[in-house]
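Positions are given from 1 along the sequence.
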Amino acid sequence: MGNRAAHLLLLLVLCYEITMAVGLYREEKEDERGERDVEERDKREEWFLLQNSKRVVKTDAGDMRVLKNYGGRITDRPMHIGFITMEPRTLFVPQYIDSSLILFIRTGEARVGLIYKDELAERRLKMGDIYRIPAGSAFYLMNAEEGQRLHIICSIDPSESLGLGAFQSFFIGGGTYPTSILAGFELETLSTAFNVTADEVTEMMTRQQEGPIVFIGDSRAPRASLWTKFPQLKEQDRLQHLKRMVEFQQPPNQEKEQMTWSWRKLLHSIIGQENKKKGEKAGKSPDSCNIYDRRPDFRNNYGWSMALDESDYPPLQHSGIGVYLVNLTAGSMMAPHVNPTATEYGIVLRGSGRIQIVFPNGTQAMNARVKEGDVFWVPRYFPFCQIAARSGPLEFFGFTTSAAKNRPQFLVGANSILQTLGSPELAAAFGVSEDRIKRVIKAQREAVILPSATAAPPDEEERVAKFERVPKVIKSFGNEMIMGFD
Ligand SMILES: *[C@@H]1O[C@H](CO)[C@@H](O)[C@H](O)[C@H]1NC(C)=O
Ligand SMILES: *[C@@H]1O[C@H](CO)[C@@H](O)[C@H](O)[C@H]1NC(C)=O
Ligand SMILES: *[C@@H]1O[C@H](CO)[C@@H](O)[C@H](O)[C@H]1NC(C)=O
């Protein structure tokens, strides 16, 4: 039958195309692997460096990249790390996400509008601020500054996610790109819900094509869309605007009242909100917390560290995530330690150094050189240490998968668990004399952060010459992803 033959032909063509696509994919893979073969020995090390960041958003106005942690058996709770860059005068259009985010303002200033407990509040965040965005809460991010880029590092906690990719954005605003979630409704439903003509709805739903991050103001936006005008509105109008978008969301005769982020309820509260005095403190949304304003929990001549937990910043409790910041002086090391209750994710903010991680069976899991922008993770229970290069301080920031006080257990140093354990027992365990064990565990007078000139990686050239190669890492800062040998 002619029809059948046509179908068969179509099928063959499709198969061929799929094969071609797969073939191309493989080819690319092999190219990559050809390079990788050389460093097969480092494969294992790469387990603990989050690599292959995926660009999830790229527009002229900014981008967002995500380093995904696939987890596997040794992650108790996988977390992804996101990097958002926004050019001056830009807006990340309102959306909600199926994961909760903890934002850390790396540089620049941000304005975050968040619908929290049915009210919209806008916060100004500056460098060092930590702010939580709960899963399912609508929010926007804005870089309203004239001459300053905004860099944000965020944790993306997928524990409430739909499991589609790293996370799923639901854009409230949009057009052809990004597509607004409203676009999924029937035109008639929308025009009825909005009480405007179908043409008006169509116009509104097709204008935006600049992507999820857009320029605001007139300068760079040829097709002024709904959202490019958004920031110029006064706060009251912004609320009104968001309200209208949200109204779309829920045609009046649909019942979704039970949902926690009930748009209906939200509408009412926004209307209520409009009568209130505007200002920074509007809404019940918790304030941000600045990490640089805090005093270190620990400090000595070799560096300092601080940890932020739910007692310092209550919103962390909802995420079950803690935040920390460490600054090691050149050549110092964080003494070998273990996190008994949390997996740790770290992002190198400044400097370079080494991360050593040990498997539970006492073999080395990783000894990788890291530098600014690298992201590493350390599974719960795995002993590890960070060592700053001799060339300068090593500053790293990160998240732990526990909002409760994370009490690292130090294996070496004046406060180590070896000090706490009795020396007769240790002597028996190590099979050496008690005198010997006492001498060894008492020799280090410092605790937590130790001087370590000999263990610190020397200059980079020297290192490369000595070891020929070090693990391939991907730079995570800046606009471009840099891959290759170090
Ligand atoms: C719809 O709009 C018309 C006029 O534009 C107005 O008279 C009418 O009351 C509106 N209906 C609703 C339900 O808001
Ligand atoms: C980290 O320490 C270095 C000096 O060792 C200092 O220059 C730098 O400003 C510190 N970083 C922070 C964030 O305090
Ligand atoms: C130690 O554990 C790791 C991870 O499970 C494994 O890859 C390695 O082969 C083990 N080494 C020894 C000596 O058992």
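Listed by chain and number, the residues in a side chain to side chain donor-acceptor pair (under 3.5 Å) with Ser311 are Asp309 (sequence neighbours excluded). In this structure Ser169 satisfies the side chain to side chain donor-acceptor pair (under 3.5 Å) test together with Gln95, sequence neighbours excluded.
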Stepwise, does the ring-ring contact (aromatic ring centres under 6.0 Å, His included) test hold for Phe104 with Phe397?
CA-CA 9 Å; Phe104 166 67; Phe397 160 86; 3.9 Å; yes
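Side chains of Arg354 and Asn367: a donor-acceptor N/O pair is present below 3.5 angstrom, by distance only. A donor-acceptor pair shorter than 3.5 Å cannot be found between the side chains of Arg149 and Thr85. With hydrogens and angles left out, the side-chain atoms of Gln168 and Asp98 include no donor and acceptor closer than 3.5 Å.
Side-chain contact between Pro393 and Asn327 is present, with at least one heavy-atom pair separated by less than 4.5 Å. Between Asn301 and Thr329 the shortest side-chain heavy-atom distance does not fall below 4.5 Å. A 4.5 Å side-chain heavy-atom check between Arg123 and Asp287 finds at least one atom pair inside the cut-off.
Annotation for Ile387 and Met333: closest pair CG1-CB, 3.9 Å, computed over non-hydrogen atoms. Residue Val66 comes nearest to His80 through the heavy atom pair CG1-CB, 3.9 Å, listed as atom of the first residue, atom of the second, then distance.
Using a 4.0 Å cut-off between charged nitrogen and carboxylate oxygen, Asp312 and Arg294 count as a salt-bridge pair.
In this structure, Ser402 OG and Glu344 CD are separated by 11.5 Å, a value rounded to the nearest 0.5 Å.
Annotation: Phe170 is in aromatic contact with Tyr96 [ring centroid separation under 6.0 Å]. For His337 and Phe384, the ring centers are positioned less than 6.0 Å apart.
Listed by first and then second residue, the ring-ring contact (aromatic ring centres under 6.0 Å, His included) pairs involving residues 291-334 amount to none (not counting sequence neighbours).
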